[in-house]
Amino acid sequence: MKKNIHTNIDQIRNDFPILKRKVNGQNLIYFDNAATSQTPQIVIDSIADYYSKYNSNIHRGVHFLSQEATDAYEKSRVKFQKHFNADNSYEIIFTSGTTHSINIVANGFKKILKKNDEIIISQLEHHSNIVPWQMLCEETGAKIKVIPIDNNGELIIDKFENLLNSKTKLVFVNHVSNALGIVNPIKHIIKKAHEFNAIVLVDGAQATPHMKIDVVDLDVDFYVTSTHKICGPTGVGILYGKEKWLNKIPPFLGGGEMIDQVTFEKSTYAGLPNKFEAGTPNISGVIASGIGIDYLNSIGLEEIYKYENELLEYATKKLLLIKDLKIYGFSTKKTSVISFNVGNIHPYDIGSILDKFGIATRTGQLCAQPIMDYFKIPGTIRVSFSFYNTKEEIDEFIKALHKAILMLS
Ligand SMILES: *Cc1c(COP(=O)(O)O)cnc(C)c1O
């Protein structure tokens with residue numbers, strides 16, 4: 001049974017103990033969901049449960065606790081397989097986060113890319129999706145080409161299609177921009193890239209909290225996200241990869257659990273997924289992340305998208321009434337993220353005053369300096385809503401913003 005968020009909002013908010021916190025003597029208003037989402041009690045309980053009842057290393061022991069922990073860990077993998085509609089559970093690799101997942105893929109192409117091969121990335125990328133490719137290019141002599149954006153912050157798809165050619169080996173693009181909240185037409189991008197036999201990795205860190213992802217329908221080669229943005233704990237990421245690509249790229253980390261045979265001359269790698277999960281993983285985190293995705297699905301991502309879109313429209317309308325306020329990023333398809341500035345006031349100053357009112361926002365470059373350079377601004381104030389936020393909180397935020405502007409102008 002899916003929940004209607006409007007009629008269940010009190011109960012939903014009750015599931016998140018942190019929402020009862022006071023910050024600077026005020027009720028916390030948490031509008032920094034794009035940086036990390038809050039954690040429901042059942043996820044917190046699951047971590048405590050693991051350490052109080054079956055803390056044990058996985059895949060190694062014959063003993064009872066180790067088997068229980070292994071079962072729970074592998075059950076979580078199947079949950080994510082189903083959630084993303086992957087063909088096989090071993091195509092889901094647990095990592096420490098989106099950054100780690102991207103680095104596994106980038107590292108994997110060191111031996112595959114050749115000099116003058118081309119990698120296409122977009123101007124909208126998060127820093128974690130730029131630096132690994134630069135490192136890869138330094139080592140291989142491959143070149144980066146950038147898909148530009150227009151004044152609305154949307155990718156210019158014609159320009160992307162012009163960049164594609166027989167030298168294009170990889171295309172890396174985020175599904176949703178963390179700075180602007182714009183949903184990119186990735187299905188089209190993937191289709192076009194495949195016409196040139198290029199491999200596509202999509203950074204889904206900002207998409208997975210808001211929409212259901214079907215990796216088979218998208219025909220995406222690699223898809224990555226972090227579970228701390230989808231009600232899970234920090235320190236767990238997902239790397240989905242098509243079996244054929246995961247088999248093709250070498251492991252990133254060497255160590256225990258990722259090998260089949262070890263001699264001093266040579267080791268052979270274990271099969272999927274263990275090949276990419278060297279060492280003791282974040283066992284409790286992976287199990288709790290599975291509980292987090294169950295929680296999200298108990299409400300339903302369609303319902304979440306609809307509700308958050310109402311919050312987005314409501315806040316956008318109110319913000320645009322403020323004199324000299326400029327919103328960056330316009331598109332008919334956006335997630336509940338708003339980046340803005342007011343006149344020449346530095347975003348940090350507004351963010352600091354909002355914090356005095358208990359309102360958590362993000363200010364600065366948002367790990368996306370190329371976007372800020374494009375708009376010629378030092379940064380923005382970003383508010384990002386989740387399904388546990390309310391219109392009343394937006395009203396409080398608008399009031400506080402008016403006060404901040406008064407104080408600073
Ligand atoms: C948050 C985020 C990342 C980085 O995720 P980590 O969990 O810090 O590794 C990468 N890309 C996008 C689009 C993000 O929003």
Side-chain angles (χ1 to χ4, degrees), residues 30-39 43 80 93-107 121-135 146-147 149 153-155 171-186 189 200-211 213 220 222-240 252-253 276 281-282 285-286 288-289 292-293 308 328-329 331 333-339 360-372 379-380 382-386:
Y30 186 77
F31 283 173
D32 194 18
N33 293 286
T36 194
S37 61
Q38 291 306 341
T39 322
V43 172
F80 282 100
I93 311 293
F94 288 120
T95 67
S96 71
T98 302
T99 305
H100 181 195
S101 299
I102 292 170
N103 275 278
I104 289 177
V105 180
N107 176 74
I121 66 173
S122 90
Q123 181 145 15
L124 286 173
E125 294 317 305
H126 189 278
H127 290 170
S128 71
N129 211 359
I130 301 174
V131 182
W133 312 122
Q134 288 170 334
M135 290 163 66
V146 180
I147 315 171
I149 53 175
E154 289 193 294
L155 293 178
V171 175
F172 297 100
V173 64
N174 56 34
H175 194 163
V176 173
S177 147
N178 73 305
L180 307 179
I182 290 178
V183 183
N184 293 316
I186 59 160
I189 290 173
V200 185
L201 179 144
V202 173
D203 174 351
Q206 290 298 330
T208 48
H210 311 288
M211 54 188 90
I213 308 301
V220 67
F222 294 101
Y223 195 95
V224 299
T225 192
S226 300
T227 67
H228 69 87
K229 294 183 182 178
I230 40 179
C231 294
T234 55
V236 180
I238 306 284
L239 164 62
Y240 160 80
F252 184 42
L253 297 173
F276 294 104
N282 183 349
V286 164
S289 296
I293 207 71
E308 289 175 344
Y328 302 91
S331 174
K333 264 206 115 182
K334 257 186 84 171
T335 57
S336 46
V337 169
I338 308 175
S339 261
T361 64
R362 174 82 191 265
T363 62
Q365 298 183 342
L366 318 176
C367 297
Q369 198 182 332
I371 300 180
M372 304 305 156
T380 65
R382 179 185 71 187
V383 288
S384 48
F385 312 122
S386 185

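Atoms within a ligand are numbered from 1 in the order they appear, just like the ligands themselves.
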Using a 4.0 Å cut-off to any heavy atom of Ser226, which atoms of ligand 1 qualify?
5 (O), 6 (P), 7 (O), 9 (O)

Could you check whether the rings of Phe80 and Phe94 sit parallel, tilted or perpendicular, using 30° and 60° as the cut-offs?
perpendicular

Mind checking whether Phe222 and Tyr240 have ring centres under 6.0 Å apart?
no

Where is the nearest protein heavy atom to atom 10 (C) of ligand 1: which residue, which atom, and how far?
Ser128 OG, 3.2 Å

Tell me which protein heavy atom sits closest to atom 14 (C) of ligand 1, plus the residue, atom name and distance to 0.1 Å.
Lys229 NZ, 2.9 Å

Below 4.0 angstrom from a heavy atom of Gln206, which ligand 1 atoms are there? Numbered from 1 as shown, please.
13 (C), 14 (C), 15 (O)

Tell me whether Ser37 contacts the main-chain N or O of His228 through its side chain, where contact means a donor paired with an acceptor under 3.5 Å.
yes

Closest contact, heavy atoms only, Gln123 versus Ile149
OE1-N, 3.8 Å

Where is the nearest protein heavy atom to atom 8 (O) of ligand 1: which residue, which atom, and how far?
Thr99 OG1, 3.9 Å

Quick one: which ligand 1 atoms are inside 4.0 Å of a heavy atom on Asp203?
10 (C), 11 (N), 12 (C), 13 (C)

Ligand 1 contact by His228, heavy-atom criterion under 4.0 angstrom:
yes

Checking Thr363, Thr380, Asn178 against Ser339 for side chain to side chain donor-acceptor pair (under 3.5 Å), the one that qualifies is Thr380

With distance as the sole test, does Asn174 use its side chain to make a donor-acceptor pair with the main-chain N or O of Leu124 at under 3.5 Å?
yes

